Trainee: 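Have a look at this one before I ask anything.
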Amino acid sequence: MQKSVLMAMFMLIFLCSCGNGEKEVTGTDTMVSLQTPDIESEPKEIPSVTVTEYSLPEEIATLEKLELRNMDISTDEWQSMYNSNQMNFGYFASDEEGNIYFSDFTQNAIFMCGPEGEGKKLLYEGTGTCMYAANGYLYFGCVEPEEKYIENVVKIDIHAKEAVFPYKNLCGEMMFLEDRMYFNVWGLCSLETGEIEGNPVMLSEIEPVSLNSDGRYLFYNMITEDTKLLFERGYLLAWDTETEKNYFVGSKMIFPLLAGDWLTYIDLQTNTRHVLDMRTGTDTDLEYTIQHVVSDGHKLYWAQQDIGSFQICQWDGQEIQELFTVEVEAEKYGDVCLYLTKDYLYWMLEIELMEEADWGYYRLADGKEGRLN
């Protein structure tokens, strides 16, 4: 289990070190025109994703190839935002009542508050990842200090503030779908969320990272023994929760995100993030190397960092627009983790997570900015 955690962490850190891209956005309300889908046109043929340079590794060579053109993929607004937040390590979550939850590593705490920080109160003494809030409970992964790499899942009754540790000795990412939790323990596993002392079901020996879903398919990248192969080949797979089968989808595709009718991913051939519209077949190259993106299925958001500042940008399917600029200390350079709710965009400079965590928010309706802490 230690191996899978370290591999996942290395993958995230490695890509972060590549930078946020080569193309700069400067000035306020800068607009960059990109390829525009024709909304009224007939559905177009989605290009087939194939492997040409390399032989497939043994683990996936026998898997059936599932063509994207044959997958009816679409996510609603909530699932799109949940996928997005999980892709940003899940240090943040929101619930159906409008409450938000976030980890504060400097105070070793998880706080609960209103969308702009009102009524903030301590929920848990400790920090968490892969947060998921639903039905009055908050779930998250918590690494015990003495165990270092072994992750336990914590379940908290939000109103009673009572915590239990229903699942122990797990590791890696988690994805919740209805009454099941999917995660990595030397392979793709699942467990019913209602089971207090349940035994995980091993679905596949292929180790997943970058999990997200449309409600049926679990999309993920395959962890490889050789990290160089991971970044050269970027194998993308999908677990079908209905047929309980693993499928090979394509290669040279990492950090996938399902949002609305979009499948967006980093294309290792161009080293930039692409957006594939599953409805029209249009493939748009955003011309940025972006790991941390978020989306509600209608717009895509990311941060473009310069020395001493970063810009939050959005793409609406037609144009890129700079929303606002955040000034930071010049030596604090690095990726920005983003989190999205229906009404707010939240951000945290990744390098500050372990230092002076200061969560920022941007109200989408009117552009109001503020801080939670």
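Just so it is clear, the structure is predicted and the values come from calculations on it, not from any experiment. Because only heavy atoms are used, hydrogens play no part in the values below, and waters and symmetry mates are left out as well, while side chains stay in.
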Trainee: Distance from Leu63 atom CG to Leu56 atom CG, nearest 0.5 Å?
Mentor: 8.5 Å
Trainee: Any Lys/Arg nitrogen of Glu178 or Arg180 sitting under 4.0 Å from an Asp/Glu carboxylate oxygen of the other?
Mentor: no
Trainee: In the structure I gave you, are the side-chain heavy atoms of Leu258 and Asn83 within less than 4.5 Å of one another anywhere?
Mentor: yes
Trainee: Any chance you could measure Asn221, atom CG, to Ile206, atom CD1, to the nearest 0.5 Å?
Mentor: 12.0 Å
Trainee: Describe, in one word, how the ring planes of His292 and Phe89 are oriented to each other, choosing from parallel (under 30°), tilted (30 to 60°) and perpendicular (over 60°).
Mentor: perpendicular
Trainee: Measure across Ile312 and Ala303 and return the closest heavy-atom pair with its distance rounded to 0.1 Å.
Mentor: CD1-CB, 3.8 Å
Trainee: Is the closest basic N to carboxylate O distance between Asp296 and Lys342 below 4.0 Å?
Mentor: no
Trainee: Considering residues, nucleotides and ligands other than Asp72, do more than 12 of their heavy atoms fall under 6.0 Å from its CG?
Mentor: no
Trainee: Would you mind reporting whether Ser210 and Pro256 have side-chain heavy atoms less than 4.5 Å apart?
Mentor: yes
Trainee: Indicate the ring-plane relationship of Trp78 and Tyr132, choosing parallel, tilted or perpendicular according to the 30° and 60° boundaries.
Mentor: perpendicular
Trainee: Which heavy-atom pair separates Ala238 from Asn246 by the least distance, and what is that distance?
Mentor: O-OD1, 3.5 Å
Trainee: Could you please spell out the steps behind the side-chain hydrogen bond (donor to acceptor under 3.5 Å, both in side chains) verdict for Tyr82 and Asn212?
Mentor: CA-CA 8 Å; Tyr82 174 50; Asn212 66 120; over 6 Å; no
Trainee: Is there a side-chain contact between Lys368 and Tyr361 (heavy atoms, below 4.5 Å)?
Mentor: yes
Trainee: May I ask you to decide if His274's main-chain N or O and Thr264's side chain share a donor-acceptor pair within less than 3.5 Å?
Mentor: yes
Trainee: Which heavy atom of Leu122 sits nearest a heavy atom of Lys161, and at what distance?
Mentor: O-NZ, 3.3 Å
Trainee: Please check if any side-chain donor atom of Asp214 sits under 3.5 Å from a side-chain acceptor atom of Thr75, or the reverse.
Mentor: no
Trainee: To the closest 0.5 Å, what do you measure between OG (Ser190) and CG (Leu218)?
Mentor: 9.5 Å
Trainee: If you measure from CD on Gln79 to OG on Ser74, what distance do you get to the nearest 0.5 Å?
Mentor: 10.5 Å
Trainee: If you count the non-hydrogen atoms of other residues, nucleotides and ligands that lie under 6.0 Å from NZ in Lys299, is the total more than 12?
Mentor: no
Trainee: Can you pull the salt bridge (Lys or Arg N to Asp or Glu O under 4.0 Å) pairs that have at least one residue in residues 255-276, sequence neighbours excluded?
Mentor: Asp261-Arg279
Trainee: Using side-chain heavy atoms (C-beta onward) and a distance below 4.5 Å, is Asn99 in contact with Ile158?
Mentor: no
Trainee: What are the two closest heavy atoms between Leu177 and Ser213, and how far apart are they?
Mentor: CD1-OG, 3.4 Å
Trainee: Can you list the steps and then say if Thr325 with Glu322 is a side-chain hydrogen bond (donor to acceptor under 3.5 Å, both in side chains)?
Mentor: CA-CA 8 Å; Thr325 298; Glu322 180 186 315; 3.1 Å; yes
Trainee: With the 4.5 Å side-chain cut-off for hydrophobic clustering, are Val201 and Tyr139 part of the same group?
Mentor: yes
Trainee: Taking the side chain as every heavy atom from C-beta outward, state whether Leu323 and Tyr301 have any pair of such atoms under 4.5 Å apart.
Mentor: yes
Trainee: For Asp157, check salt bridge (charged side-chain N to carboxylate O under 4.0 Å, His left out) against everything at least two apart and list the hits.
Mentor: none
Trainee: Here's a test for you: under ring pair (Phe, Tyr, Trp, His ring centres under 6.0 Å), which of Phe165, Phe102, Tyr124 qualifies with Phe140?
Mentor: Tyr124
Trainee: Would you say Met131 and Ile110 make side-chain contact, with heavy atoms under 4.5 Å?
Mentor: yes
Trainee: Of Ile254, Leu68, Val249, which meets side-chain contact (heavy atoms from CB on, under 4.5 Å) against Leu236?
Mentor: Val249
Trainee: Taking the six-membered ring for Trp and the full ring for Phe, Tyr or His, determine whether the centres of Tyr182 and Trp239 are under 6.0 Å apart.
Mentor: no
Trainee: Is there a path from Leu237 to Met202 through hydrophobic residues (I, L, V, M, F, W, Y) whose side chains come within less than 4.5 Å of each other?
Mentor: no
Trainee: Any Lys/Arg nitrogen of Arg363 or Glu116 sitting under 4.0 Å from an Asp/Glu carboxylate oxygen of the other?
Mentor: yes
Trainee: To the nearest 0.5 Å, what is the distance between OH on Tyr344 and CG on Leu364?
Mentor: 9.0 Å
Trainee: Over 60° means perpendicular and under 30° means parallel, so classify the ring planes of Phe92 and Tyr346, tilted if in between.
Mentor: tilted
Trainee: In the structure I gave you, are the side-chain heavy atoms of Met222 and Pro208 within less than 4.5 Å of one another anywhere?
Mentor: no
Trainee: To the nearest 0.5 angstrom, please state how far the CG atom of Asn85 sits from the OH atom of Tyr339.
Mentor: 7.0 Å
Trainee: May I ask you to check whether over 12 heavy atoms, not counting those of Glu58, lie within 6.0 Å of atom CD?
Mentor: no
Trainee: Which heavy atom of Leu138 sits nearest a heavy atom of Ala133, and at what distance?
Mentor: CD1-CB, 3.9 Å
Trainee: Quick one, Trp315 and Trp302 - any side-chain contact, counting heavy atoms below 4.5 Å?
Mentor: yes
Trainee: Count the heavy atoms of every other residue, nucleotide or ligand shown that sit under 6.0 Å from CG of Asn135, and state whether that count exceeds 12.
Mentor: no
Trainee: Could you tell me if Ser251 and Arg233 have a donor-acceptor pair between their side chains, going purely by distance under 3.5 Å?
Mentor: no
Trainee: Short question: side chain of Thr280, backbone of Thr282 - any donor-acceptor pair under 3.5 Å?
Mentor: yes
